[in-house]
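For reference, the structure is listed below as structure tokens.
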Amino acid sequence: MIKVIDVCKSFGNLQVLKNVNLTVAPGEVVVIIGPSGSGKSTLLRCMNYLEKIDSGKIYIDGQLIGKKEVNGKLVEAPAKEVYKMRENIGMVFQRFNLFPHMTVLNNLMEAPVLVRRMDKGAARKLALDLLKKVGLEEKANAYPAHLSGGQQQRVAIARALAMEPKIMLFDEPTSALDPELVGEVLSVMKELAREGMTMVVVTHEMGFAREVADRVVFMDEGRILEEGTPQQIFTNPQHPRTREFLAKIL
């Protein structure tokens, strides 16, 4: 479902991703861990082509994203084509990015109606179904400012799901939340995993990684140093840097 091949990315003189390779199978949950500044969030943003890569290739569901081949050469795809590619990818950020002037229901209906040209009645039904899924159907007519952080993040997940994506990317979705609100967001993510959604999750929630991940990937200084099952990574890490990192946080 996702194939990252020799991806490099720099910001000025700082190389953030160094020949990264990663494959994610359909229905697989991959959790990326590592210290701050290791390139985790940048890798996630490159998968959605919110950041343009300097070299390498990224395929989503067999389609090259952000670039296309013309006469044997890779060139940047037009913005319109990139938007179309992104329709299959849902992304949830640290900050909720909800439209403050819209009700929760309208936040969810906006993209299906405008982007997918969905009938408003069908979009409303889909939005209400998704709000029920995340346990917030009673908040349909509320505005984001009247919700807790955990509720806003659950709405953000529902909004991403409203585009019926094939893949969900989560960039530290609980890091901006008060500790007691983290569980309600993780429970929604666990349910998505049980339903077979392909997910890539950048998180510091090691309990979630242990319980839900099919595979845990450890990154440091722009490289993937180790990957394996949660059992392998958490009980018998092979790379010295993985052992050092986990010793500090577990």
Side-chain angles (χ1 to χ4, degrees), residues 26-33 41 44 48 86-116 118-214 230:
E28 190 177 20
V29 178
V30 173
V31 173
I32 304 176
I33 64 171
S41 293
L44 215 62
N48 205 6
R86 281 201 196 115
E87 286 182 17
N88 288 324
I89 309 168
M91 187 154 182
V92 178
F93 301 87
Q94 295 178 38
R95 296 290 170 183
F96 324 121
N97 297 333
L98 299 175
F99 299 120
H101 62 290
M102 290 185 181
T103 64
V104 165
L105 186 65
N106 287 334
N107 261 279
L108 267 66
M109 290 174 60
E110 183 80 353
V113 170
L114 288 182
V115 179
R116 296 180 60 204
M118 187 181 283
D119 171 77
K120 280 192 176 181
R124 178 184 172 83
K125 183 181 184 308
L126 174 64
L128 289 171
D129 287 346
L130 288 170
L131 286 175
K132 188 173 183 179
K133 185 186 191 77
V134 300
L136 289 172
E137 62 266 46
E138 78 284 358
K139 299 292 185 182
N141 296 314
Y143 286 87
H146 300 142
L147 304 180
S148 70
Q151 289 171 333
Q152 289 188 59
Q153 192 62 297
R154 282 188 280 157
V155 172
I157 293 172
R159 185 175 67 173
L161 291 171
M163 288 295 285
E164 299 180 322
K166 295 179 178 178
I167 294 162
M168 285 287 285
L169 307 177
F170 293 88
D171 185 10
E172 299 190 27
T174 60
S175 65
L177 301 179
D178 291 335
E180 69 266 26
L181 301 177
V182 168
E184 64 189 56
V185 174
L186 292 181
S187 67
V188 172
M189 294 170 64
K190 288 174 187 176
E191 183 60 30
L192 285 179
R194 281 192 290 270
E195 292 172 359
M197 174 65 76
T198 306
M199 296 164 60
V200 182
V201 184
V202 169
T203 187
H204 295 292
E205 299 291 338
M206 297 301 143
F208 175 83
R210 279 181 189 269
E211 183 182 345
V212 181
D214 296 302

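- Put simply, the side chain of D119 gets close to the backbone of G121: a donor and an acceptor are under 3.5 Å apart.
- To the nearest 0.5 Å, the span separating CD on E172 from CD1 on I32 amounts to 11.0 Å.
- Checked against Q151 for a side chain to side chain contact (heavy atoms under 4.5 Å, CB included), the options V104, V185, L136, L181 give a single hit: L136.
- Under the 3.5 Å distance criterion, with hydrogens and angles disregarded, no donor-acceptor pair is assigned to the side chains of N141 and T103.
- Scanning all heavy atoms of the two residues, the minimum distance from D214 to G27 falls at OD2-O, 3.9 Å.
- Figure legend: R154 and F96 shown without cation-pi pairing, the cationic atom not lying both under 6.0 angstrom from the six-membered ring centre and within 45 degrees of its axis.
- Contact check for F99 versus N106: no side-chain heavy atoms found under the 4.5 Å cut-off.
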Please evaluate residues M199 and V30 with respect to the criterion side-chain contact (heavy atoms from CB on, under 4.5 Å), reporting the C-alpha separation (whole Å), side-chain torsions for both, the decisive distance (0.1 Å), and the verdict. CA-CA 6 Å; M199 296 164 60; V30 173; over 6 Å; no
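- Residue R95 holds its CZ atom at 7.5 Å from OG of S175, rounded to the nearest 0.5 Å.
- Of all non-hydrogen atoms in M168 and A160, the two that sit nearest each other are CE-CB, 3.7 Å.
- Using a 4.0 Å cut-off between charged side-chain N and carboxylate O, K133 and E195 make a salt bridge.
- Side-chain atoms of V134 and V155, non-hydrogen and from C-beta on, never get closer than 4.5 Å to each other.
- The structure places CD of Q153 at 6.0 Å from CG of L177, a figure rounded to the nearest 0.5 Å.
- Two residues are said to be in side-chain contact when any heavy atoms from C-beta on lie closer than 4.5 Å; L131 and K139 fail this criterion.
- The two atoms that bring N48 and R86 nearest to each other are O-NE, 2.7 Å, heavy atoms only.
- Listed here is the closest heavy atom pair of A213 and P230: O-CG, 3.3 Å.
- Pairing each heavy atom of T203 with each of F208, the nearest pair is CG2-CD2, 4.5 Å.
- Atom CE of M163 sits about 11.0 Å away from atom CD of E110, to the nearest 0.5 Å.
- The OG1 atom of T174 sits 8.5 Å away from the NE2 atom of H204 when rounded to the nearest 0.5 Å.
- L169 is listed as a side-chain neighbour of I167, based on a closest heavy-atom distance under 4.5 Å.
- Atom CZ of R116 sits in a crowded spot, with more than 12 heavy atoms from other residues, nucleotides or ligands closer than 6.0 Å.
- No donor-acceptor pair closer than 3.5 Å links the side chain of R124 to the backbone N or O of M109.
- Contact check for V31 versus M206: no side-chain heavy atoms found under the 4.5 Å cut-off.
- At least one side-chain heavy atom of E184 sits less than 4.5 Å from a side-chain heavy atom of S148.
- Between R194 and V212 the shortest side-chain heavy-atom distance does not fall below 4.5 Å.
- With N107 contributing its side chain and M102 its backbone, the two residues share a donor-acceptor pair below 3.5 Å.
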From CA spacing to verdict: side-chain contact (heavy atoms from CB on, under 4.5 Å), R159, N97: CA-CA 10 Å; R159 185 175 67 173; N97 297 333; 3.9 Å; yes
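- A distance of 11.5 Å separates CD1 in I89 from OG1 in T198, rounded to the nearest 0.5 Å.
- The two residues G90 and P165 come nearest to each other via the heavy atoms N-CB, 3.4 Å.
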Is there a side-chain contact (heavy atoms from CB on, under 4.5 Å) between V200 and V29? Walk through the geometry before answering. CA-CA 6 Å; V200 182; V29 178; over 6 Å; no
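- Counting heavy atoms from C-beta on, the side chains of M189 and P173 come closer than 4.5 Å.
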